[in-house]
Amino acid sequence: MSSIELNGEWTLRSPQHPHIAIPMSLPGDNYSALFKAGLIPDPYIGTNEKDVQWVGEAQWKIEKEFDAGAADLDARAIEMKLSRVDTLADISINGQPVFSCSNMFRHYKVDIKPFLREGKNTISVEFARADLEGKARAERLPFPIPSSMGSNNQIPHMNLLRKTQCHAGWDWGICLMVSGIYDAITVSAIHTIALERATTDQFWNEDGSVTVEVSVSHEANIDAQVSVEFGEHSKTVTCDKLGETKVSFAIAQPKLWWPAGYGEQPLYELSVELDGQVINKRIGLRKLVLNTSEDAVGSSMEFQVNGFPITAKGANWIPVDAMPSNESESRYRALLQSAVDVNMNMIRVWGGGQYESELFYDLCDEYGLMVWQDMMFSCALYPSTDEFVADVVPELRDQIRRLRDHCCIALWCGDNEVIGAIGWYPESKANRTKYTVNYDRLSRKIAETVMQEDSSRRFWASSPCNGDLDYGDAWHDDTRGDMHFWDVWHSGSSFSAYLDIQPRFCSEFGYQSWPSLAEVKRFVPESDWNVTSPTFESHQKNHSGNSIMTEMFTRYFRFPASFEQMLYMSQVQQAIAIKTGCEYWRSQSPTCRGMLYWQLNDNWPVSSWSSIEYSGRWKQLHYHAKRFFSPLYIPFHETEDALTLRLSNNTRHTEDVSGQVVWMSWAGKELGRWDWAEQVKADGNDLVWSLDKSDWADRRELGFFFAEIECDGEPVQNTWFPIPELKNVAVEKADLKVVREGDSISISTDRPALFVHLEHDGDGRFSDSSFTLLPNQTKTVRYLGDDLESLSRSLRVYDLSHSY
């Protein structure tokens, strides 16, 4: 045996449905197995969601046979390790109970040697119903703990279970109460001494050198030798008899790890070997500080890496798929590479999902994506009873110990919007003191546990939050801490509301769009191609979502001419909304040091706030993000006296930049042109052009302003509309000429073409899209994908002038 994995095919059964006995692959979930066996329809198609709810209302059992040889049974112990067991599970071997799981986020280890016999062995896992356990726990509480509101947590009391909260549905998520095991199950023979874990600490010296201390945890033993390799260095030492052996390496000239856009991401190989057991990790060396010092505005919220201030640019992350069997390395790579490709350097792992797979954090280390890591509490209240805390503390220890060596982790955050949730429910609003004390008890225990396991990083109590022990209104205070700004979506404010705030760090803000036509074709029958059809509404989980988007059309645009144009315009509208905030906040640097929009990805095909659709297709917002997150960007800003253009430099280098500003009429006549050239310092934000209002303000309706620079060999453009309500200006129909040769698409126009967007029904994306094209210019866009047949058959090019 030495070490085996109990992956692959198991058998799935249910006592409530005795006719079911089908294969189920682990890692994986029961819904995926039932779908693969043809016993349920695809939950993501049409209105099938409602027809598969019976799965979550049943108990399930999986079992598998495996072999144990006589030599294996001679081992001192045989350890079984498993994690992401979802959620309430009793595990037996050969009919004997071994142990029970009650927390999806725990990492379990148990000696199964007493239960094994030579030859064939049977392991079984019985999953209990999460909904019934939630109800039972609610009845035992000393006072009510409300769950999430609206579309969030459609199954009551899921906040009382340590299970991915959005499994019960969210305002972008399908309700699938999956069960299963989503990580590999390993069984290892231990002959002499068990190797438990290895962690590292970095101690930096004033001369730039660093000492890396490796702490190896193991069973107490006085004779064993542990070998540790770090990069080109290696040491073999005798294990400390108390169970923790420390080995240090002095690195005189460390290769520094930087966030994407600020430098390279070298990773040192760490290998620890003890009694035939090996732990391998990759370690990035960097100094990390969260600067929250007082300043003229209030207090900073600024990450500093290797002594340099970082402007965090990125998005919020939800689980890759509502059916965990669909998680794969290729999908993780594609999503995170898409984040890097649009100049993101931070991902926030949101607290209603899951502590992510090891692959996720490995890739973030590799790609230079800092991770704002929420603990898994979101948008609800949670108990602080002894029973609940006793479940949470070992979960936190398991996860912090697992993740603390990843250089990508920038912050441990206690929860998502739980402080704010105190003001959401009748029970807590009526007795705010009681529920605040309840929150504080749990929050302090979370903080205490996290800091015991990793004091090298800052603990942030909640998102949003104004700072330690500040339980005020972080949604509307833009002088300190991190902010969630939802006035434009939830409160119906216009896009200009983004210009009324200057957050220090905006960790959530978003605006919905509908999926593209190409995406819609994958899950909506053509007979339901209408935004209020049963299928479409079943894939809109925000109760007011369709109304909000439609009403906003009437404020800014002439109403779209067709269902297809409504989809296109919804993505134009979403891009404008998020660009408005990001552009303005970049123009205010260094006041604002972070912008993480909601959200990067979808976990099923749906109308949502994402910039990447479920299939991996980039929405228009994602193409715009590549520009407004560019290391060098040119944000426009209208001041009281002028229209200005600034040059924002999110790099560590002084840059020489030249560019142009063009004022152009809607018919394509050039009303003005200005060339400029400036040198901008590292982390600079300089005014490079301005035009007094006396020169243009009384002629707002004549046209728009267009600016362009080059960054890393690629053009970066920006367009600004003096009248944002484009329904009120005479946008003339553009005659777009499209010529395709292989994967190259050339587009030209006789008049200004706005939000020129390319789409086709296959996989792959384009080198650029949703851009402004000036008359008498030809722009060549490359198709980045392998499906040239689909490109040839279904290429569509949209622009604003043909949307109505």
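Judged by distance alone, the side chain of Asp415 and the main-chain N or O of Met375 form no donor-acceptor pair under 3.5 Å. Between the side chain of Asn345 and the backbone N or O of Leu369 there is no donor-acceptor pair closer than 3.5 Å. Side-chain atoms of Arg558 do not come within 3.5 Å of backbone N or O of Thr554 as any donor-acceptor pair. Under a 3.5 Å cut-off, the side chain of Asp365 and the backbone N or O of Cys408 do form a donor-acceptor pair. Under the 3.5 Å distance criterion, the side-chain polar atoms of Ser491 are left unmatched by any main-chain donor or acceptor of Val488. Side chain of Ser611 to main chain of His622: no donor-acceptor pair is present (N/O by atom type, distance under 3.5 Å, no hydrogens or angles). Put simply, the side chain of Tyr568 gets close to the backbone of Leu800: a donor and an acceptor are under 3.5 Å apart. Looking at Gln620, its side chain never comes within 3.5 Å of a backbone N or O of Ala575 through a donor-acceptor pair. With hydrogens and angles disregarded, no donor-acceptor distance shorter than 3.5 Å links the side chain of Tyr633 to the backbone of Ser587. When atom types are taken as modelled, the side chain of Arg286 and the backbone of Cys407 share a donor-acceptor pair closer than 3.5 angstrom.
Evaluation of the salt bridge (Lys or Arg N to Asp or Glu O under 4.0 Å) rule for Arg627 yields Asp768 as partners, not counting sequence neighbours.
Ion pairing of Lys693 with Glu640 is absent here, as no side-chain N (NZ or NE/NH1/NH2) approaches a carboxylate O to less than 4.0 Å. Taking a cutoff of 4.0 Å between a charged side-chain nitrogen and a carboxylate oxygen, Arg333 and Glu366 qualify as a salt bridge. The pair Arg646-Asp686 does not count as a salt bridge, with every side-chain nitrogen at least 4.0 angstrom from each carboxylate oxygen. Between Arg617 and Glu519 there is a salt bridge, since a side-chain N of the basic residue sits under 4.0 Å from a carboxylate O of the acidic one.
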Evaluation steps, side-chain hydrogen bond (donor to acceptor under 3.5 Å, both in side chains), between Ser801 and Arg751:
CA-CA 10 Å; Ser801 71; Arg751 290 180 175 84; over 6 Å; no
Assess whether ring-ring contact (aromatic ring centres under 6.0 Å, His included) is satisfied between Trp460 and Phe505, documenting all intermediate values.
CA-CA 13 Å; Trp460 198 247; Phe505 196 113; 9.1 Å; no
Let me see the working for Tyr798 and Phe755 under ring-ring contact (aromatic ring centres under 6.0 Å, His included), right down to the final yes or no.
CA-CA 8 Å; Tyr798 301 92; Phe755 302 100; over 10 Å; no
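With rounding to the nearest 0.5 Å, the separation of NZ in Lys313 from CZ in Arg593 is 10.5 Å. Taken to the nearest 0.5 Å, the CE atom of Met344 stands 12.5 Å off from the CD atom of Gln337. We find the CD-OG distance between Gln573 and Ser513 to be 9.5 Å, quoted to the nearest 0.5 Å. Atom-to-atom distance recorded for Leu600:CG and Ile318:CD1 is 9.0 Å, nearest 0.5 angstrom. Taking CD of Gln777 as the start and CD1 of Ile747 as the end, the distance is 12.5 Å to the nearest 0.5 Å. One distance of note links CD of Glu613 with NZ of Lys619; it measures 5.5 Å at 0.5 Å rounding.
When only modelled atom types and interatomic distance are considered, Asp482 and Ser507 share a side-chain donor-acceptor pair under 3.5 Å. No side-chain donor-acceptor contact under 3.5 Å links Ser770 and His757. Neither side chain, Trp720 nor Asn718, offers a donor N or O lying under 3.5 Å from an acceptor on the other. No side-chain donor-acceptor contact under 3.5 Å links Asn466 and Arg480. Under the 3.5 Å distance criterion, with hydrogens and angles disregarded, no donor-acceptor pair is assigned to the side chains of Gln660 and Trp676. A donor-acceptor contact closer than 3.5 angstrom links the side chains of Glu356 and Trp317. Between the side chains of Thr772 and Thr719, at least one donor-acceptor pair of N or O atoms lies under 3.5 Å. Checking Asn416 against Ser378 by side-chain atom types alone, a donor-acceptor pair falls below 3.5 Å. No hydrogens or angles considered: nothing links the side chains of Ser610 and Asn601 as a donor-acceptor pair under 3.5 Å. A side-chain donor-acceptor contact under 3.5 Å links Arg348 and Asn316. Between the side chains of Ser648 and Asn685, no donor-acceptor pair of N or O atoms lies under 3.5 Å. Neither side chain, Ser299 nor Arg504, offers a donor N or O lying under 3.5 Å from an acceptor on the other. Side-chain polar atoms of Asp641 and Thr639 form no donor-acceptor pair below 3.5 angstrom. Side-chain contact of Trp618 with Ser338: a donor-acceptor pair under 3.5 Å is present, judged by distance alone. At a cut-off of 3.5 Å, with distance as the only test, a side-chain donor of Gln304 or Glu302 sits close to an acceptor on the other residue.
Paired with Trp609 under the rule ring pair (Phe, Tyr, Trp, His ring centres under 6.0 Å), one option of Trp514, Trp489, Tyr511, Tyr597 passes, and it is Trp489. Results of the side chain to side chain donor-acceptor pair (under 3.5 Å) test with Tyr584 over Gln502, His637, Lys579 single out Gln502 as the only residue that passes.
Residue pairs that meet the salt bridge (Lys or Arg N to Asp or Glu O under 4.0 Å) test with at least one member in residues 566-576, sequence neighbours left out, do not exist here.
Heavy atoms from other residues, nucleotides or ligands lying under 6.0 Å from CG of Asn291 number more than 12. Other residues, nucleotides and ligands contribute over 12 non-hydrogen atoms within 6.0 Å of the NZ atom of Lys727.
Below 30°, between 30° and 60°, or above 60°: for Trp350 and Trp170 the angle between ring planes is above 60°, a perpendicular geometry. The aromatic rings of Tyr783 and Phe766 are tilted relative to each other, their planes meeting at an angle between 30° and 60°. Using bins of under 30°, 30° to 60° and over 60° for the plane-to-plane angle, the ring pair Trp372/Phe303 lands in the perpendicular bin.
Nearest heavy-atom pair, Met664 versus Leu774, reported as atom, atom and distance to 0.1 Å: SD-CD2, 3.8 Å. Among all heavy-atom pairs drawn from Pro515 and Ser607, the shortest one is CD-OG, 3.6 Å. Nearest heavy-atom pair across Thr311 and Ser589 is OG1-OG, 4.5 Å. The shortest non-hydrogen separation linking Asp374 to Gly351 is OD2-N, 3.1 Å.
Aromatic ring centres of Phe495 and Tyr556 lie closer together than 6.0 Å.
Looking at Trp598 and Phe485, their side chains never come closer than 4.5 Å, going by heavy atoms from C-beta outward.
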What side-chain donor-acceptor pairs closer than 3.5 Å can you find for residues 700-708, not counting sequence neighbours?
from   : atom 1 : to     : atom 2 : distance (Å)
Arg700 : NH1    : Pro722 : O      : 2.9
Arg700 : NH2    : Glu638 : OE2    : 2.4

